[in-house]
Number of protein chains: 2
Amino acid sequence: MGSPSTATRISERHRRAAAATGRYDRRLAEILDHATEVFCEKGYEGASMRDLSRASGMSLAGLYYYFESKERLLFLIQKHTFSTIVQRLKARLEDVADPEQKVRIFILNHLEYFLANRQAMKVLTHEAEVLKNGFATELAAIKREYYRICVKLLDELKEKRGLEFPTRIAVLSLFGMMNWIYTWHNPRVDGDPEPLAREMGDIFLRGVMSGKARR
Amino acid sequence: MGSPSTATRISERHRRAAAATGRYDRRLAEILDHATEVFCEKGYEGASMRDLSRASGMSLAGLYYYFESKERLLFLIQKHTFSTIVQRLKARLEDVADPEQKVRIFILNHLEYFLANRQAMKVLTHEAEVLKNGFATELAAIKREYYRICVKLLDELKEKRGLEFPTRIAVLSLFGMMNWIYTWHNPRVDGDPEPLAREMGDIFLRGVMSGKARR
DNA sequence: AGGTAATTCGAACGTTCGTTCGAATCTCAG
DNA sequence: CTGAGATTCGAACGAACGTTCGAATTACCT
């Protein structure tokens with residue numbers, strides 16, 4: 001009963017093919033995709049389990065085989081989305097040494113993922129406060145890690161260029177610039193992430209770098 | 001029946017004192033205040049009419065004497081909040097001529113009002129997509145006016161300083177920086193709006209002004 | 001003090017909510 | 001083909017939802 005994890009199911013002597021993700025995981029991923037779409041359109045509270053049932057083509061009761069509550073469903077969507085963006089960022093930062101370039105990579109990575117997964121990223125940013133207790137703290141940890149990475153990049157920039165600006169305000173302003181995009185970005189008008197990342201990067205980096213240097 | 005407007009009530013031969021706001025308007029304002037608090041905390045969809053009843057100390061049915069639906073209640077809150085901020089902005093811009101100073105006034109006005117009315121401003125920004133049809137279009141008009149003012153200020157700055165940057169991206173990035181504040185501002189850590197407005201203004205204006213000038 | 005309109009309320013309406021449960025169906029190794 | 005576990009479903013649960021209505025109460029003018 002309930003929703004078994006991949007691990008338990010595999011260990012339950014149902015080990016199959018090998019590398020290929022099992023049926024359970026594939027179906028769960030499909031449901032998460034459809035749910036993301038519905039949450040994006042109607043909001044978490046505004047979306048009903050019956051909406052999710054309709055969107056995913058599975059019966060209302062059938063959904064509960066894959067997760068134990070609506071809240072956990074939102075958690076799974078947010079965790080997967082946030083984990084992926086952090087993981088991709090880390091991979092892309094490895095090749096770069098210059099602090100300014102690192103910040104530009106940070107912005108590009110964020111905007112690219114945002115525009116390629118608009119719905120999931122809107123659900124992540126717009127429904128950031130609805131999770132409670134355990135769900136909330138686990139997600140807060142990822143959020144904090146992402147925030148700390150950005151702080152580190154900016155402190156690095158300050159150090160190597162001898163700059164002086166309030167890191168906290170700068171980081172949070174940058175997040176605001178980037179996350180707000182879900183309220184206005186129109187693919188037909190605003191186009192690809194690369195030019196957007198360059199323009200936002202220009203505004204932010206010039207703003208932060210053309211200030212007075214340390215004594 | 002329903003909720004009479006101030007105008008109709010006064011014309012109904014109940015003309016009183018004069019300038020003083022009547023009982024009806026005062027009570028309505030109280031309800032709006034309490035509702036703002038609840039919407040801020042639980043979100044529009046997450047807040048029930050019974051929550052609003054409890055918060056305002058009025059019976060569930062009694063609320064409907066002042067507005068005909070939960071949606072109209074949100075509309076009243078958002079319209080009043082947005083109208084006020086636009087009106088205050090216009091008044092403060094009248095005294096200023098320098099384009100850079102005008103942009104700084106814009107930022108200061110936004111942040112001051114935001115921090116002095118955090119709950120209402122969160123409801124305005126976070127529940128921006130829930131209103132439908134007539135409510136939505138009327139609010140969109142105010143939003144558009146506010147947006148156009150900011151565009152005009154930046155175009156003025158570009159003109160007088162001979163700058164070159166994408167206005168649309170700059171305006172929307174600025175809005176992002178400012179509006180995102182509802183997700184992170186902590187009065188004990190981040191203090192008063194004036195230094196915040198100066199720091200955000202520094203980042204944004206330097207970013208936009210230190211670019212290459214026109215040919 | 002009396003009377004009329006403004007204001008408030010208890011109780012209920014029909015609907016939809018998230019979740020549960022036991023039975024039906026499907027999948028696949030033996 | 002068979003049996004056992006994995007998966008799906010129809011039907012129902014009690015609770016909570018937004019809204020309505022007629023009666024009760026209050027406030028104010030004459």
Side-chain angles (χ1 to χ4, degrees), chain A residues 1-17 20-31 34-35 38-39 42-75 130-132, chain B residues 1-17 20-31 34-35 38-39 42-75 130-132:
Chain A
M1 68 168 64
S3 47
S5 76
T6 302
T8 55
R9 277 185 72 259
I10 286 186
S11 70
E12 271 169 4
R13 119 181 126 102
H14 261 275
R15 178 173 300 273
R16 61 194 76 204
T21 48
R23 206 168 98 95
Y24 176 87
D25 301 81
R26 219 179 318 116
R27 198 84 178 86
L28 174 56
E30 285 176 21
I31 296 175
H34 288 117
V38 177
F39 282 157
K42 320 184 79 165
Y44 172 77
E45 305 274 7
S48 72
M49 290 299 295
R50 285 157 183 86
D51 290 330
L52 305 180
S53 163
R54 206 173 305 116
S56 59
M58 174 170 285
S59 75
L60 183 56
L63 292 174
Y64 282 86
Y65 179 71
Y66 289 93
F67 43 86
E68 62 233 47
S69 69
K70 188 185 172 190
E71 191 183 10
R72 175 159 173 87
L73 175 55
L74 175 62
F75 169 74
V130 322
L131 293 180
K132 307 285 178 199
Chain B
M1 69 167 62
S3 48
S5 76
T6 303
T8 55
R9 277 185 71 259
I10 286 187
S11 70
E12 274 168 3
R13 116 179 126 102
H14 259 275
R15 183 172 298 275
R16 62 192 75 206
T21 48
R23 206 169 94 96
Y24 175 88
D25 301 82
R26 218 179 319 114
R27 198 82 178 87
L28 173 57
E30 284 177 23
I31 296 176
H34 288 117
V38 178
F39 282 158
K42 320 183 82 166
Y44 172 77
E45 306 274 7
S48 71
M49 290 298 296
R50 283 157 184 86
D51 290 330
L52 304 181
S53 162
R54 205 173 305 115
S56 59
M58 174 170 286
S59 74
L60 183 54
L63 292 175
Y64 282 86
Y65 179 71
Y66 289 93
F67 44 85
E68 62 234 45
S69 70
K70 189 186 173 191
E71 191 183 8
R72 173 156 174 87
L73 176 55
L74 175 63
F75 170 73
V130 321
L131 293 180
K132 307 286 177 200

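To find a chain, count down the sequence lines: A is the first, B the second, and so on, and within it residues start at 1. Everything quoted here is computed from the prediction, not taken from an experiment.
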- Euclidean distance, atom CG of residue A/Leu74 to atom C1' of C/dG18 [Å, nearest integer]: 15 Å
- Task: With the side chain of A/Lys70 defined as its heavy atoms from C-beta on, choose the nearest nucleotide among D/dT19, D/dC9, C/dT19.
- Result: C/dT19
- Query: Is there a donor-acceptor contact under 3.5 Å from the side chain of B/Lys70 to the main chain of B/Ala47?
  - Reply: yes
- Message: Side chain of B/Tyr65 only, heavy atoms from C-beta on: which candidate in D/dC21, D/dC9, C/dT7 is closest?
- Response: C/dT7
- Report yes if at least one side-chain N or O of B/Arg27 is closer than 4.0 Å to OP1 or OP2 of C/dA6; otherwise report no. no
- Would you kindly give the CG-to-C1' distance between A/Leu28 and D/dT7, to the nearest whole Å? 14 Å
- Task: Under 4.0 Å from any atom of DNA chain C, heavy atoms only: list the residues of residues 43-53 of chain A that qualify, in numerical order.
- Result: A/Ala47, A/Ser48, A/Met49, A/Arg50
- Item | Residue mapping more 5' on DNA chain C - nearest nucleotide basis, B/Ser59 or A/Leu60 | B/Ser59
- Query: Which value, rounded to the nearest 0.5 Å, describes the distance between A/Met58 atom CE and A/Arg27 atom CZ?
  - Reply: 3.5 Å
- What heavy-atom pair brings A/Ser59 and A/Ser53 nearest, and what distance separates the two atoms? C-OG, 3.6 Å
- Protein-nucleotide distance (B/Leu63, atom CG; C/dC9, atom P), rounded to Å: 9 Å
- Side chain of A/Tyr64 only, please: which of D/dT8, C/dT7, C/dT20 is the nearest? C/dT20
- The complete set of salt bridge (Lys or Arg N to Asp or Glu O under 4.0 Å) pairs with one or both residues in residues 55-65 of chain B, sequence neighbours excluded, reads none
- Is there a donor-acceptor pair under 3.5 Å between the side chain of A/Tyr44 and the backbone N or O of A/Glu71? yes
- Quick note, A/Arg23 side chain, CB onward, closest among C/dT27, C/dG10, D/dG10 is C/dT27
- Query: A/Arg26 CZ to D/dT7 C1': how many Å, rounded?
  - Reply: 14 Å
- Note on the structure: Note: for A/Ser69 and B/Gly57 on DNA chain C, the residue whose nearest nucleotide lies more 5' is B/Gly57
- Message: I'd like to check the side-chain hydrogen bond (donor to acceptor under 3.5 Å, both in side chains) partners of B/Glu45; sequence neighbours left out, ordered by chain and number.
- Response: none
- Nearest-Å distance for atom pair CZ/C1', residues A/Phe67 and C/dG18: 11 Å
- Task: Rounded to the nearest angstrom, tell me the gap between atom OH in B/Tyr24 and atom C1' in D/dC28.
- Result: 19 Å
- Item | Nucleotide C/dG10, atom P - distance to CZ of B/Arg54 in whole Å | 14 Å
- Note on the structure: Rounding to 0.5 Å, atoms OG (A/Ser69) and CG (A/Leu63) come to a distance of 12.0 Å
